[in-house]
A.B. asks: 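Encoded as structure tokens, here's the structure I'll be asking about.
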Amino acid sequence: MTTMHQDRPLAAPIEDLATEPFWRAARQGLLYLRKCIQCSEVHWYPRPVCPFCHGDTEWVPASGMGTLYSVSVTRRAGPIPYAIAYVTLDERVTMLTNIVDCDLDALRIGQRVKVCFKSAEGGARIPMFTPI
Amino acid sequence: MTSLRNKAAIVGLGATEFSKNSGRSEMQLALEAVTAALADAGINPTEVDGLCTFTMDNNTEKEVFRNIGGKNLTFFSRVNYGGGGACAPLLHAAMAVATGVAQVVVCYRAMNERSGQRFGSPSKALSLPESEMVLGAYLALHGLQTAAAKMAITMRRYMHETGASSDDFATYTIAARRHAATNPTAFFYGKPVTRDEYMSSRMIADPFRLLDCCQESDGAVAVVLTDAQRARSLRRKPVFIRAAAQGGPIGVIGLQSFYKPDIVPRDECRLVGQQLYRMADLTPRDIDVAIIYDHFGPTVLPALEGYGFCATGEAKDFIKDGNIEIGGSLPVNTHGGQLGEAYIHGMNGVAEAVRQLRGDAANQVEGVEHVLVTAGTGLPTSGAILGI
């Protein structure tokens, strides 16, 4: 079976004091992660306090490269099927995302992917991934 | 250290019929089940001084209490995380009666989750509780909104790691539906399914097919707990709480634990199981019947591993050849599970555990002394070992 990805409408993200820098970076094509100033560990999702050592954290750009950890094609949640995935970034954090611009039925756990951005309502850009 | 083992017992059980359209309010369902459970126990509703449920039940404790004519409510709790909390009211009620905080505690669940709100519907990103808003801001955008999608992705990883296949998932569904087929209270009474029917059922969220998904049901279940001493003086054979526990392992997030080191829904079972066996002074070999929460049938496999019935990755072999059916080494979900009987958010599993121990289940297993009953996984979860 082949299920070619189709773009679907994406709601605007919640942009507040905590998340605004993330979305500003995304608009410029950058995937931001949060890194601890004290212990240098990177984590996902972005938090103000390091979950490993409780130090302060700062924004750092990710390489945008990663490996597919798990994937499921959802067919009944809306009119357009889409691939929900967990991608483990080369920075060793795993994030929830979608895999786009490919045959969704050909996706395999362990395959390499890279970040891309899809437009949402209101002009925000949402980080997603595509096979390389 | 004092142990909770055998300090409290289930002395009454009540339930409504299970349907797709109850035709009456959720409060009425709750009251029917609660008063039936009290009548079964032979306890006057005015004696109730404690009520426990878990979140997503729309009937508040004080309204249920007012409606049954309660006098002084001294203990009430509502455990978080929906189906993950299904067995937690047993823990809370047992602690309350064991410590004298309350004398008679009723645990209840009543929902019109098919004819009222539909449980399988996508969640709304903005309805998350405030402290989860930040997390929600990064999650909701990618369309991970239905319970099916959330659990599907964890089971895709399970398949990758263990080699389990759709054929193995079919084995569970066939067993559950076979049990439901001979249980008159089951929605799918008289309706077993074949492997071909499973394989041709439509894909909902890969790898979940329609026949992997639990039902959406209307109905209510209630159980009455009191202390062990009084329990022995009542009309029904007491079903003792050998052990009860809750567990939320590192990194767990409601149905979407993407930053757990391993997203397979197994760690939470292991955490609860270890506490249960220690508290009950039992091992998995002592369990005669297991009621394993099946929001989605495939999740029963990692749960069997987490609760110690087989090694990690070996559930696909453990469930084969009728081993989890009546007559097998571990009959599982003898009522038909939530796939086959009804989805009362785990409380109908508690009811089945009680029936198996009383000896009046529709699909009665011979010589049952200990039953494990578990709650929703992919969440902070809960479980109990009941015994006679």
Side-chain angles (χ1 to χ4, degrees), chain A residues 1 3 8-20 22-23 26 32 34 43-48 51 68-78 80-88 93-100 104-105 107-110 118 120-121 124-129, chain B residues 120-128 130-162 201-210 212-213 250-251 253 255-265 296 298:
Chain A
M1 202 165 70
T3 307
R8 64 192 173 91
L10 298 169
I14 303 161
E15 297 191 52
D16 60 11
L17 277 176
T19 60
E20 190 275 337
F22 178 86
W23 298 114
Y32 261 17
R34 213 66 182 162
H43 65 268
W44 179 262
Y45 62 96
R47 280 164 269 183
L68 197 52
Y69 176 78
S70 194
V71 61
S72 170
V73 180
T74 287
R75 298 178 197 279
R76 301 291 300 174
I80 302 171
Y82 54 98
I84 300 173
Y86 290 128
V87 166
T88 303
V93 292
T94 300
M95 65 179 283
L96 177 71
T97 188
N98 288 170
I99 308 296
V100 298
L104 306 183
D105 291 321
L107 293 170
R108 293 291 172 263
I109 289 173
K118 292 284 181 184
E121 270 174 45
R125 305 272 289 163
I126 312 294
M128 297 190 173
F129 287 77
Chain B
S121 306
S123 58
K124 292 180 184 65
L126 296 175
S127 66
L128 287 166
E130 199 170 321
S131 66
E132 293 184 12
M133 281 289 284
V134 175
L135 177 58
Y138 296 103
L139 292 181
L141 304 164
H142 295 101
L144 190 62
Q145 289 169 304
T146 64
K150 290 168 181 174
M151 294 309 293
I153 193 166
T154 71
M155 290 307 297
R156 217 355 125 191
R157 184 72 195 180
Y158 176 81
M159 295 168 81
H160 175 76
E161 290 177 357
T162 65
S201 81
R202 70 175 188 268
M203 198 63 90
I204 301 295
D206 177 26
F208 292 164
R209 297 170 186 279
L210 180 65
D212 287 315
C213 300
I250 185 167
I253 306 173
L255 293 184
Q256 46 203 15
S257 302
F258 69 93
Y259 72 99
K260 265 172 81 180
D262 175 2
I263 61 169
V264 171
F296 302 98

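Predicted, not measured: the structure shown is a model, and the values here were computed from it. All values below come from the heavy atoms of this structure, side chains included, with hydrogens, waters and symmetry mates left out.
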A.B. asks: If you compare all heavy atoms of B:Ile153 against all heavy atoms of A:Ile84, which two are closest, and at what distance to 0.1 Å?
C.D. replies: CD1-O, 3.5 Å

A.B. asks: Grab the two heavy atoms, one from A:Ser70 and one from B:Arg156, that are nearest each other, plus how far apart they are.
C.D. replies: OG-CB, 3.4 Å

A.B. asks: Kindly give the heavy-atom pair with the smallest separation between A:Tyr69 and B:Glu161, and that separation in Å.
C.D. replies: OH-OE2, 4.3 Å

A.B. asks: As an exercise, state the distance from CD1 of B:Ile263 to CG of A:Leu96, rounded to the nearest 0.5 Å.
C.D. replies: 9.5 Å

A.B. asks: Can you say whether A:Ala124 sits under 4.5 Å from chain B via the side chain, the backbone, both, or neither, judging by heavy atoms?
C.D. replies: neither

A.B. asks: With a 4.5 angstrom heavy-atom cut-off, could you sort out which part of A:Arg108 is near chain B: side chain, backbone, both or neither?
C.D. replies: neither

A.B. asks: At what distance, to the nearest 0.5 angstrom, does CE of B:Met203 lie from OG of A:Ser72?
C.D. replies: 8.5 Å

A.B. asks: Need one label for A:Ile109: side chain, backbone, both or neither, based on atoms under 4.5 Å from any heavy atom in chain B.
C.D. replies: both

